[in-house]
Asker: 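Structure incoming, see below.
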Amino acid sequence: MDQLQERVREELKRCGLLREGTRFIVAFSGGVDSSCLLHVLHSILPAFGCSLSALHVEHGIRGEEGARDRRAAEAFCASLGVPFTVRSFDVPALAAAAGCGVEETGRRLRYEALAEARRAAEASGPACVVTAHNKDDLAESVLLRILRGTGPDGLAAMAALREDAVCRPLLRVSRAEIAAYCARMGLAPAQDSSNADPRYLRNRVRLELMPLLRERFNPNVTDALCRLAELAEADRSYFREAVSEVPSEAAEGQISFSLADLQALPPALQGRVLLDGLSRLGLAQDVEQIHLTHCGRLLREGKDGRTAEFPQGYRLQIRRDRALLLAPGAEGETEAEARELAAFRRPFRADDAFALPGGVGSIRCRLCGADASAEPRKGPAL
């Protein structure tokens, strides 16, 4: 067995995926990395009773070149006897309609297509998605996130096995090792011209910044960035467990915490609790440190009714002794109680005492200058 095949096999074992009957779905572009991955998996999976298929996503960006790569990818899969599926999107049009970048939209659609394929495969047993991200991709992602101002968790960048069953078994393999494997095996993958397009920031990092760092600052910069990612992932795993121990109550469109519990947390854990809650509600990205800083100040002050805004309409609301994370359109306690209070009516007698809706206070009634034994009267809305 080839040395690279052995390394991938051990990585899959470490991730607990080499179980009989597991269906592996490869995100297959037909390029160097994914061709290497597909060939390696085709070589090692049969011994474990696992099946293999390929999903090719055509983005509608490169015209005839993209169609040519699709045909080449299909032919390569046919030569290995690997089932091949295509999903096609007009990414530029969809990105323009959504007001998002082409790269961001393409990535989202790829992962949605892969997740859909995995769910369909899981109808017959365990399944996982496999992508060809490698060591150089990881280093470049860490550097990109640093340039964009990421927090500590963002430095982790990529995990070998994600919580949604996406596996990256080449994450410890360099791009040079992948190219050498393709040469040894006589593979001739397609070359994507968009990988050299300087309009994309990742390409500029790969083709301009990383070579400069290697030449002028640290010849082992890729290893250094990958070590940083590993350390960040270890910290993230620790904090993920700590976050799970903070009590919360979930309802439709909201997650509620004890205000005192959040106030007692150190800032590093407090921010991660909020990020985890937002992710559970549906906001998994676009939250910046300025949002968490505002929330930290809000929690420290603990003033009833105060609200902090997150992107896309998500928000944090302080309500008495609770802190509520609210999804867009979800109604916080303030809004609901305000309507209930506005509609609140009841008869009263002298010296009656009763609580207002929502626990916002109470009222004691006393009639002045009138017969205290008078009949109950309807009061105005309180």
Asker: Tell me the closest heavy-atom pair linking Leu138 and Cys226, and the distance in Å.
Answerer: CD2-SG, 3.9 Å
Asker: Looking only at atom types and distance, does a side-chain atom of Gln270 sit under 3.5 Å from a main-chain N or O of Leu262, one as donor and one as acceptor?
Answerer: yes
Asker: Identify the two heavy atoms, one from Ser53 and one from Val82, that lie closest to each other, and give their separation to 0.1 Å.
Answerer: CA-CG1, 3.7 Å
Asker: With rounding to the nearest 0.5 Å, note down the distance linking OG1 in Thr131 to CE in Met158.
Answerer: 7.5 Å
Asker: Strictly below 4.0 Å, N to O, side chains only: are Glu122 and Arg119 in salt-bridge contact?
Answerer: no
Asker: Under 30°, 30 to 60°, or over 60°: which ring-plane class applies to Phe28 and Phe76, parallel, tilted or perpendicular?
Answerer: parallel
Asker: List the atom of Gly277, the atom of Ile255, and the distance in Å for their closest heavy-atom pair.
Answerer: O-CD1, 3.5 Å
Asker: Is the closest side-chain donor-acceptor distance between Thr307 and Arg315 under 3.5 Å?
Answerer: no
Asker: Looking at Lys135 and Glu177, is any side-chain nitrogen of the basic one under 4.0 Å from a carboxylate oxygen of the acidic one?
Answerer: no
Asker: Mark yes when over 12 heavy atoms from residues, nucleotides or ligands other than Glu20 sit less than 6.0 Å from its CD; otherwise mark no.
Answerer: no
Asker: Using the test side-chain hydrogen bond (donor to acceptor under 3.5 Å, both in side chains), find all partners of Thr85 that sit at least two apart in sequence or belong to another chain.
Answerer: none
Asker: Do Leu213 and Asn218 make a side-chain contact, defined as non-hydrogen atoms from C-beta onward lying under 4.5 Å apart?
Answerer: no
Asker: Roughly how far apart are Leu161 CG and Arg168 CZ, rounded to 0.5 Å?
Answerer: 9.5 Å
Asker: Exactly one of Arg145, Arg272, Arg236 should register a salt bridge (charged side-chain N to carboxylate O under 4.0 Å, His left out) with Asp153. Which one does?
Answerer: Arg272
Asker: When you measure from the side chain of Glu65 to the backbone N and O of Ser193, does any donor-acceptor pair fall under 3.5 Å?
Answerer: yes
Asker: Are any side-chain N or O atoms of Ser244 and backbone N or O atoms of Glu241, one a donor and one an acceptor, separated by less than 3.5 Å?
Answerer: yes
Asker: What residues form a ring-ring contact (aromatic ring centres under 6.0 Å, His included) with Tyr181, not counting sequence neighbours?
Answerer: His39
Asker: Sequence neighbours excluded, which residues qualify as ring-ring contact (aromatic ring centres under 6.0 Å, His included) partners of His42?
Answerer: none
Asker: Which is it for Arg280 and Asp276 under the salt bridge (Lys or Arg N to Asp or Glu O under 4.0 Å) test, yes or no, and what are the steps along the way?
Answerer: CA-CA 6 Å; Arg280 288 156 60 190; Asp276 177 72; 3.5 Å; yes
Asker: Step by step, would you call Arg206 with Asp136 a salt bridge (Lys or Arg N to Asp or Glu O under 4.0 Å)?
Answerer: CA-CA 9 Å; Arg206 174 182 301 160; Asp136 294 84; over 6 Å; no
Asker: Does this structure show an ion pair linking Arg175 with Glu140, if we count only N-O contacts that are shorter than 4.0 Å?
Answerer: yes
Asker: Can you name the nearest heavy-atom pair linking Arg19 to Pro126, along with the distance?
Answerer: NH2-CB, 3.9 Å
Asker: So, the side chain of Thr22 versus the backbone of Leu18: is there a donor-acceptor pair under 3.5 Å, distance only?
Answerer: no
Asker: To check you understand the geometry: which heavy-atom pair defines the closest contact between Thr150 and Gly154, and what is its length?
Answerer: OG1-CA, 3.0 Å
